Amino acid sequence: MDVVQKIRDRSAAVAVVGLGYVGLPTAAVLAARGFRVVGADINQAVVASVNRGESPIKEPGLEELVRKAVAEGRLRAVTSAREATQEGDVVIVVVQTPIDEEKRPDLSALRSALEEVAAALRRGHLIIIESTIPPGATRNVIAPILESSGLKAGEDFLLAYSPERAIPTRTLEEIQSNARIVGGLNEESARAAAALYRCLTSGEVYQESVEVVEVVKLIENTFRDVNIALANELALLCEAMGVDVLRAINLANKHPRVNLHMPGAGVGGHCLPKDPYFLINEARKRGLKLSLIEAARERNDSMPLHVLRKIEQALKSRGKSLSSAKVAVLGIAYKGNTDDTRMSPAEPVVRALMERGVEVISHDPHAKQDFGGRFSSNLKEVVAGADVLVILTDHDEYKRLSLEELRPLLKRDAVVIDGRRILAREEVERLGMDYLGVGC
Ligand code: SAJ
């Protein structure tokens with residue numbers, strides 16, 4: 001029976017290589033849709049957690065889905081991608097593809113996962129890559145590794161690229177409803193992968209050549225990064241002019257063809273800070289400079305330092321030295337309502353404050369990480385005696401912060417720096433504190 005038929009009648013077993021923020025939700029949803037799923041991850045703790053029916057990451061709804069899938073015997077995890085490949089008819093590879101110190105794609109995790117897959121590859125397998133990859137990688141990097149098995153891509157086994165498109169904190173919902181793009185090494189590969197995604201999402205499934213799809217994924221995240229950079233740049237100007245950028249953005253967005261993003265303390269996570277470099281790097285190889293995209297990256301990377309300068313100025317204006325000041329950092333995760341701290345803007349802020357001799361204590365309701373400073377999940381302890389309270393992450397818990405309760409714990413002349421513009425300025429000022437926000 002061919003793989004498309006097996007997908008349609010759910011008799012296909014699916015191997016998911018990489019049980020991270022996308023792999024595990026994908027594995028759990030496929031299991032809920034009736035597939036037998038074997039997940040593989042080199043992290044023993046992740047595998048053990050999944051096999052206990054527990055999610056190692058925080059993502060709304062995931063824990064419950066994993067528990068059910070494991071209890072019903074439709075999901076289990078192993079440490080060997082080779083073993084998972086042996087069991088699967090379809091293999092989805094979704095491992096991290098970061099950038100190296102020179103900001104070039106680092107495909108080492110992807111390569112080693114693929115070598116494991118290649119070792120168990122057989123005729124009729126459908127291999128789908130979901131990791132974000134540089135242009136041309138499916139044909140020039142991935143296919144050759146898999147073909148080291150002696151089998152030919154597109155003939156003996158099928159090979160497709162379908163980049164994940166789900167936003168953390170809404171991953172489950174988006175996996176099951178977003179439109180999906182599928183690039184095949186050939187028509188048959190695209191058709192087979194599209195059949196799988198039709199079982200996963202209620203959104204449209206579009207088929208294209210793999211070369212186009214590789215670029216599409218990078219365009220999506222670059223679009224967002226460049227737009228955030230525009231908002232950040234406007235925020236800096238408005239701040240200097242004494243105009244509130246949010247009031248301006250909200251009204252500009254009433255125009256039918258304008259949709260500005262939110263300025264803030266920086267852009268973190270494992271996608272936006274690095275995916276544009278996949279394009280920048282490719283362009284450089286071809287003698288092109290993507291100056292707009294490069295400038296956007298620099299602007300977004302500069303935002304944590306802008307917040308740092310605001311902290312320094314606030315202390316200076318009160319005649320306080322950095323080495324005798326206490327700063328309470330609220331928010332360590334890279335964005336609201338996640339426990340993910342990868343490339344979080346909080347890291348450069350905390351580290352720079354520490355270097356300047358500031359007493360830093362950070363808090364986060366979801367993540368636990370100190371970035372070299374002190375961390376506590378007790379908010380009152382964090383803000384007690386602080387000269388500056390700085391918000392770096394837009395967690396819902398911080399939007400509901402009871403400033404009234406915290407106020408007596410802070411220093412009398414404390415300043416609030418709102419890096420995500422989630423507090424009401426009037427409320428902060430009513431409580432007798434100065435309010436400084438990004439873009440106002
Ligand atoms: N941010 C802003 N202003 C905004 C929006 C976000 O400063 O207006 C900041 C956030 O605080 C965060 C960073 O940008 O630090 C990135 O957050 P995000 O929510 O924009 O994106 P990610 O990295 O969580 O997920 C993105 C998504 N891409 C797009 O929306 C185009 C998601 O759909 C992708 O699947 C994901 O990257 C990925 O894995 O590629």
Side-chain angles (χ1 to χ4, degrees), residues 1-57 59 62-96 109-131 142 145-146 149 151 157-162 164 166 171-172 175-176 192-193 195-197 199-200:
M1 205 194 310
D2 86 328
V3 72
V4 173
Q5 192 48 46
K6 280 181 148 184
I7 289 169
R8 289 200 181 123
D9 65 22
R10 305 289 199 269
S11 63
V14 183
V16 177
V17 178
L19 294 175
Y21 284 85
V22 175
L24 184 57
T26 303
V29 173
L30 284 168
R33 299 278 161 117
F35 291 97
R36 193 167 61 78
V37 181
V38 185
D41 202 290
I42 51 171
N43 186 333
Q44 176 74 54
V46 166
V47 169
S49 166
V50 171
N51 287 331
R52 283 195 305 271
E54 291 164 13
S55 169
I57 51 168
E59 184 63 42
L62 185 59
E63 176 91 13
E64 210 182 308
L65 216 55
V66 169
R67 191 186 315 122
K68 196 158 180 278
V70 171
E72 289 172 0
R74 283 199 309 272
L75 172 65
R76 71 185 184 90
V78 296
T79 49
S80 155
R82 184 190 299 213
E83 186 184 334
T85 304
Q86 261 155 11
E87 292 194 29
D89 300 291
V90 179
V91 182
I92 297 176
V93 180
V94 54
V95 297
Q96 72 275 26
L110 181 64
R111 282 177 195 276
S112 61
L114 288 168
E115 279 159 15
E116 290 283 304
V117 172
L121 201 63
R122 56 174 189 271
R123 262 169 215 286
H125 251 138
L126 165 62
I127 312 297
I128 304 173
I129 311 300
E130 285 203 18
S131 308
I142 294 164
I145 298 175
L146 294 172
S149 61
L151 298 174
F157 66 94
L158 303 176
L159 176 59
Y161 175 52
S162 183
E164 56 89 4
T171 302
L172 289 177
I175 281 180
Q176 299 176 85
L196 182 81
Y197 289 107
C199 302
L200 194 62

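None of these values were measured; they are calculated from a predicted model.
- Glu63 contributes atom CD, which lies 6.0 Å from atom CD of Glu54 (distance to the nearest 0.5 angstrom).
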Worked verdict on Ile129 versus Leu159 for side chain to side chain contact (heavy atoms under 4.5 Å, CB included): CA-CA 8 Å; Ile129 311 300; Leu159 176 59; 4.3 Å; yes
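- Summarising the geometry, atom CG belonging to Leu172 is positioned 5.5 Å from atom CG belonging to Leu62; distances are rounded to the nearest 0.5 Å.
- Within 6.0 Å of CD1 in Ile145 there are more than 12 heavy atoms belonging to other residues, nucleotides or ligands.
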Worked check of side chain to side chain contact (heavy atoms under 4.5 Å, CB included) between Ser131 and Gln96: CA-CA 6 Å; Ser131 308; Gln96 72 275 26; over 6 Å; no
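- In this structure, the separation between CD1 on Ile42 and OG1 on Thr79 is 10.0 Å, given to the nearest 0.5 Å.
- For Asp41 (side chain) and Val47 (main-chain N/O), no donor-acceptor pair under 3.5 Å exists by modelled atom type.
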Decide side chain to side chain contact (heavy atoms under 4.5 Å, CB included) for Glu164 and Glu130; before the verdict, give the C-alpha distance in whole Å, the side-chain angles of both, and the deciding distance to 0.1 Å. CA-CA 5 Å; Glu164 56 89 4; Glu130 285 203 18; 3.5 Å; yes
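- Taking CZ of Arg33 as the reference point, atom SG of Cys199 lies at 8.5 Å (rounded to 0.5 Å).
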Using the side chain to side chain contact (heavy atoms under 4.5 Å, CB included) rule, take Val90 and Phe35 through it: C-alpha gap first, then chi angles, then the decisive distance, then the call. CA-CA 11 Å; Val90 179; Phe35 291 97; over 6 Å; no
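- In this structure Arg8 satisfies the salt bridge (Lys or Arg N to Asp or Glu O under 4.0 Å) test with no other residue, sequence neighbours excluded.
- Atom CZ of Arg123 sits about 9.5 Å away from atom OG of Ser149, to the nearest 0.5 Å.
- Between Ala12 and Ile7, the shortest heavy-atom contact is CB-N, 3.9 Å.
- Nearest heavy-atom pair, Pro56 versus Val46, reported as atom, atom and distance to 0.1 Å: CG-CG1, 4.0 Å.
- Pairing each heavy atom of Ala195 with each of Val4, the nearest pair is CB-CG1, 4.1 Å.
- The number of heavy atoms from other shown groups lying within 6.0 Å of CD (Glu64) does not exceed 12.
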Between Thr171 and Glu59, does the side chain to side chain donor-acceptor pair (under 3.5 Å) criterion hold? Intermediate values first, please. CA-CA 7 Å; Thr171 302; Glu59 184 63 42; 3.2 Å; yes
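- For the pair Val14 and Leu196, the tightest heavy-atom approach, listed with the atom from each and the gap, is CG2-CD1, 4.4 Å.
- Here the CZ atom belonging to Phe157 is positioned 13.0 Å from the CZ atom belonging to Arg122, to the nearest 0.5 angstrom.
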Using distance only, find each side-chain donor-acceptor pair of residues 81-88 under 3.5 Å and give its atom names and separation, not counting sequence neighbours.
{"residue": "Thr85", "atom": "OG1", "partner": "Ala81", "partner atom": "O", "Å": "2.7"}
{"residue": "Glu87", "atom": "OE1", "partner": "Arg76", "partner atom": "NH2", "Å": "3.1"}
{"residue": "Glu87", "atom": "OE2", "partner": "Arg76", "partner atom": "NH2", "Å": "2.3"}

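- A side-chain contact (heavy atoms from CB on, under 4.5 Å) with Ile127 is found for exactly one of Leu158, Leu121, Val17, Ile142, namely Leu121.
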Pairs of donor and acceptor atoms involving the side chains of residues 22-32, under 3.5 Å and at least two apart or interchain, shall be tabulated with distances.
{"residue": "Thr26", "atom": "OG1", "partner": "Val22", "partner atom": "O", "Å": "2.7"}

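- Shown here for Val66 and Gly53, the closest heavy-atom pair between the two residues is CG1-C, 3.9 Å.
- Between Gly124 and Val3, the shortest heavy-atom contact is O-CB, 4.0 Å.
- For the pair Glu72 and Lys68, the salt-bridge criterion is met [side-chain N within less than 4.0 Å of a carboxylate O].
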